[in-house]
Chemist: 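Handing you a structure now.
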Amino acid sequence: MALRAAILRHIRIPAETSLFKNGLKLQAWNRFMSSHGDDHLDKQQVIDRVLSVVKSFPKVDPAQVTPDVHFQKDLGLDSLDNVEIVMAIEEEFKLEIPDLEADKIDSCNLAIEYVSNHPMAS
């Protein structure tokens, strides 16, 4: 217990001080070290990455992929293909999309909106 207290004394940072560490403000440092927070992905990054995932799907003609494309109506994919694309998007952004939400994602636009609004997307 004494060892724990000694270690905690050395690593605790007073909240009321505005410390600088190598030019980084404490608040910025905490945001950097956080696993989530205000560091959302840029919308254009999300668009580019979602389109890249869809274009790399084997049954898709990359020339037909746009942000507004519908997986089944425009690309001729079936429901199983739709599930595979959503799984690939989960892997790309390190997300787990609940089944009820995943069933609703049937276009690039909906995938982009879901990912850009998800706080844990990376």
Chemist: Test side chain to side chain contact (heavy atoms under 4.5 Å, CB included) on Glu96 and His118 and set out the steps.
Modeler: CA-CA 10 Å; Glu96 187 167 330; His118 197 288; over 6 Å; no

Chemist: Should the heavy atoms of other residues, nucleotides or ligands under 6.0 Å from CG of Asp61 be counted, would the total exceed 12?
Modeler: yes

Chemist: Among the clusters formed by ILVMFWY side chains lying less than 4.5 Å apart, do Ile97 and Met120 turn up in the same one?
Modeler: yes

Chemist: Kindly compute the distance separating CZ (Arg49) from CG (Leu41), expressed to the nearest 0.5 Å.
Modeler: 5.5 Å

Chemist: How long is the gap from OH on Tyr114 to CZ on Phe93, to the nearest 0.5 Å?
Modeler: 12.5 Å

Chemist: Passes side chain to side chain contact (heavy atoms under 4.5 Å, CB included), Gln72 versus Ser107? Steps please.
Modeler: CA-CA 8 Å; Gln72 294 175 352; Ser107 66; over 6 Å; no

Chemist: Quick check for you: to the nearest 0.5 Å, what is the distance between Ile85 atom CD1 and Glu92 atom CD?
Modeler: 13.5 Å

Chemist: Backbone N or O of Pro98 within a donor-acceptor pair of the Glu101 side chain at under 3.5 Å?
Modeler: no

Chemist: Rounded to the nearest 0.5 Å, what separates atom NZ in Lys59 from atom CD in Glu84?
Modeler: 6.5 Å

Chemist: With a cut-off of 6.0 Å (strictly less than), are more than 12 heavy atoms of other residues, nucleotides or ligands near CD of Glu91?
Modeler: no

Chemist: Apply the test side chain to side chain contact (heavy atoms under 4.5 Å, CB included) to residues Val60 and Phe71: give CA-CA distance (whole Å), side-chain angles for both, the deciding distance (0.1 Å), then the verdict.
Modeler: CA-CA 9 Å; Val60 170; Phe71 299 147; over 6 Å; no

Chemist: Minimum heavy-atom separation for Ile89 and Ala111, please, with both atom names.
Modeler: CD1-CB, 3.7 Å

Chemist: Give, for atom OG1 of Thr66 and atom CG of Leu75, the distance between the pair rounded to the nearest 0.5 Å.
Modeler: 8.0 Å

Chemist: Stepwise, does the side chain to side chain contact (heavy atoms under 4.5 Å, CB included) test hold for Asn82 with Leu77?
Modeler: CA-CA 7 Å; Asn82 197 58; Leu77 302 177; 6.0 Å; no

Chemist: Of all the heavy-atom pairs spanning Cys108 and Leu51, show the shortest one and how long it is.
Modeler: SG-CD2, 3.9 Å

Chemist: Report the distance from atom CG of Leu95 to atom CD of Glu90, rounding to the nearest 0.5 Å.
Modeler: 7.0 Å

Chemist: Is the closest side-chain heavy-atom distance between Lys43 and Glu113 below 4.5 Å?
Modeler: yes

Chemist: With respect to Ile105, which candidate in Val86, Val83, Ile112 satisfies the side-chain contact (heavy atoms from CB on, under 4.5 Å) definition?
Modeler: Val86

Chemist: Restricting to non-hydrogen atoms, name the atom on His70 and the atom on Lys73 that form the minimum distance, rounded to 0.1 Å.
Modeler: ND1-N, 3.0 Å

Chemist: Can you establish whether the number of heavy atoms outside Leu100 located under 6.0 Å from its atom CG is more than 12?
Modeler: no

Chemist: With distance as the sole test, does Asp81 use its side chain to make a donor-acceptor pair with the main-chain N or O of Asp78 at under 3.5 Å?
Modeler: yes

